[in-house]
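What follows is a set of notes on a single structure, which appears directly below.
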Amino acid sequence: MVKKLLLLMLIVCFHNQNFAQSEYQFPNGYTVLNIEPAKTDSRIKEANTPHLVVYNQAAEQGKLLLFLPGTNGIATRGPKSLFSVAVHQGYQVINLSYINTPAVAQICKGKNLEKNSKCTSDFRTMRIYGTNDFPLIEDQAHDAIVNRLTKLLIYLSEEDKNGHWDKYLENGKLKWNEIAVSGQSQGGGMAAFIAKEHLVARVIDFSGGWDYSAKNKIAGWYSNESVTPPNLWYGTYHVTEPMAKVIDASYKAMQIPEDHIYPFSLPVPEGKKGHSNGVRNIGYADQWIELLGKGN
């Protein structure tokens, strides 16, 4: 009962912020760190705006929630209400700064898609792992999401002992089964792509994009066998999104259970877009708790 009351107070606090994310303050006691990627790997020059790291040192520290912003997303401007709920649910949170422009949808279209039906999976492989040759974007291997996260965790393990960040690493590599992957739009697609190839603790895809293999045909990678089992997959979208039907089709292709797909429908504030509403609107706090589950 006490925990429920505390959560209610937390949600009321969120609601009073009126979605003004730039003015939002995390609850007292939360550790909040802003760390430039170049501090963790001197080779990184691009997309050097800080990573956002949030956790509650006083609570039992559980899984890591990795969040990947969408196109043009800035980690320190991320959905802080959602992150606070995640911390309350027992997670340590990293909103990762990575190269998110140009987006996959901006590159893998038209003639590029006609020449290569696997354009989107090749693009995401380069941006996530940096292990392939994909000349349509200028990302370097050290810019890849996996390298950025690994180097950040190594840095945190040395510089922030209270966070016990080494538990997310094994022999210097990511311990995926201790990491829940999530993201919005392009970032949601990155999270899904990772979960296909690694056994992660959970995957939460917020409006995760619309990759194609040909005109009006969703990308083949959506149907690839997943290392992460279906019961750990979750996906959301807003019913007013122009690409809502395509996103829903991609979720079904990824075999996300029907009751793990959340078609959000609350009114979108004037001047805002349904596409990002799922990670911003505190009216979805109950659904966020269901999506996140318990991190510890």
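Between P50 and A75, the shortest heavy-atom contact is O-CB, 3.3 Å. The nearest pair of heavy atoms linking Y212 to V246 is OH-CG2, 3.6 Å. Considering every non-hydrogen atom in both I261 and P263, the closest pair reads O-CD, 3.3 Å. When all heavy atoms of P79 and V279 are compared, the closest pair comes out as CB-O, 3.0 Å. Annotation for P257 and P230: closest pair CD-O, 3.2 Å, computed over non-hydrogen atoms. Annotation for L113 and C119: closest pair CD1-CB, 4.1 Å, computed over non-hydrogen atoms.
Ring geometry, W221 versus F193: the interplanar angle exceeds 60°, so the pair is classed perpendicular (tilted spans 30 to 60°).
Side-chain contact check for L64 versus E178: every heavy-atom pair is 4.5 Å or farther apart. Proximity of E258 to K252: side-chain heavy atoms (C-beta onward) are separated by under 4.5 Å at one or more points. Contact check for W176 versus L199: no side-chain heavy atoms found under the 4.5 Å cut-off. Side-chain contact between Y284 and H238 is present, with heavy atoms from C-beta onward closer than 4.5 Å. Within the 4.5 Å cutoff, no side-chain heavy atoms of S213 are placed close to those of T120. Taking the side chain as every heavy atom from C-beta outward, V227 and H198 never approach each other to under 4.5 Å. Contact of the V200 side chain with the I179 side chain is not registered, since no non-hydrogen atoms from C-beta on lie closer than 4.5 Å. Using a 4.5 Å cut-off on side-chain heavy atoms (C-beta onward), V53 and W165 make contact.
By the rule that hydrophobic residues join a cluster once side-chain heavy atoms approach within less than 4.5 Å of another member, I204 and M254 end up as members of separate clusters. Cluster annotation: L66 and L292 are assigned to distinct hydrophobic clusters (Ile/Leu/Val/Met/Phe/Trp/Tyr, side-chain heavy-atom contacts under 4.5 Å, transitive). Follow the hydrophobic side-chain contacts under 4.5 Å out from L52 and you never reach Y98; the two are in separate clusters. Hydrophobic clustering places L149 together with Y55 (ILVMFWY residues linked when any side-chain heavy atoms are closer than 4.5 Å, directly or through intermediates). Both I154 and I94 belong to a common hydrophobic cluster when Ile, Leu, Val, Met, Phe, Trp and Tyr are linked at side-chain heavy-atom distances under 4.5 angstrom.
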Stepwise side chain to side chain contact (heavy atoms under 4.5 Å, CB included) test for L82 and F206: CA-CA 12 Å; L82 171 63; F206 290 93; 4.2 Å; yes
Side chain to side chain contact (heavy atoms under 4.5 Å, CB included) assessment of R148 paired with D41: CA-CA 8 Å; R148 285 173 179 249; D41 186 337; over 6 Å; no
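In terms of modelled atom types and a separation under 3.5 Å, the side chain of N132 and the main chain of F134 share no donor-acceptor contact. Side-chain atoms of Y222 never come within 3.5 Å of backbone atoms of A249 as a donor-acceptor pair (strictly under, hydrogens ignored). A donor-acceptor pair under 3.5 Å links the side-chain atoms of K80 to the main chain of T76, judged by distance alone. Side chain of N296 to main chain of G62: no donor-acceptor pair is present (N/O by atom type, distance under 3.5 Å, no hydrogens or angles). When atom types are taken as modelled, the side chain of K161 and the backbone of S157 share a donor-acceptor pair closer than 3.5 angstrom. Side chain of Y251 to backbone of T236: a donor-acceptor contact under 3.5 angstrom is found. Not a single donor-acceptor pair under 3.5 Å links the side chain of K245 to the backbone N or O of P242.
Evaluated for a ring pair (Phe, Tyr, Trp, His ring centres under 6.0 Å) with F83, the options F67, Y30, F26 yield exactly one hit, F67. When each of D122, D143, D139 is paired with R127, the salt bridge (charged side-chain N to carboxylate O under 4.0 Å, His left out) condition holds for D139 and for no other. Evaluated for a side chain to side chain donor-acceptor pair (under 3.5 Å) with Q92, the options H164, K167, K63 yield exactly one hit, K167. When each of L68, T101, D211, N100 is paired with Q186, the side-chain contact (heavy atoms from CB on, under 4.5 Å) condition holds for N100 and for no other.
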Below 3.5 Å, can you tabulate the donor-acceptor pairs from side chains in residues 31-39 to any protein atom, sequence neighbours excluded?
none

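Between the CG atom in D248 and the OH atom in Y237 there is a gap of 4.0 Å [rounded to 0.5 Å]. If you take OG on S97 and CD1 on I145, they are separated by 10.5 Å, rounding to the nearest 0.5 Å. To the nearest 0.5 Å, atom NE2 of residue H142 and atom CD of residue E46 are 8.0 Å apart. Distance check, rounded to the nearest 0.5 Å: CG of L153 to OH of Y168 gives 8.5 Å. Taking CG from N147 and CG from L152, the interatomic distance works out to 11.0 Å, rounded to the nearest 0.5 Å. The line from CG of N116 to CD1 of I107 is 12.5 Å long, rounded to the nearest 0.5 Å.
In the model, S185 has a side-chain atom that pairs as donor or acceptor with a side-chain atom of H275 under 3.5 Å. Checking W288 against S81 by side-chain atom types alone, no donor-acceptor pair falls below 3.5 Å.
Pairs engaging residues 189-206 under the salt bridge (Lys or Arg N to Asp or Glu O under 4.0 Å) rule: none recorded [sequence neighbours left out].
Heavy atoms of other residues, nucleotides or ligands lying less than 6.0 angstrom from CD of Q255 number 12 at most.
Taking the six-membered ring for Trp and the full ring otherwise, Y234 and H260 have centroids separated by under 6.0 Å.
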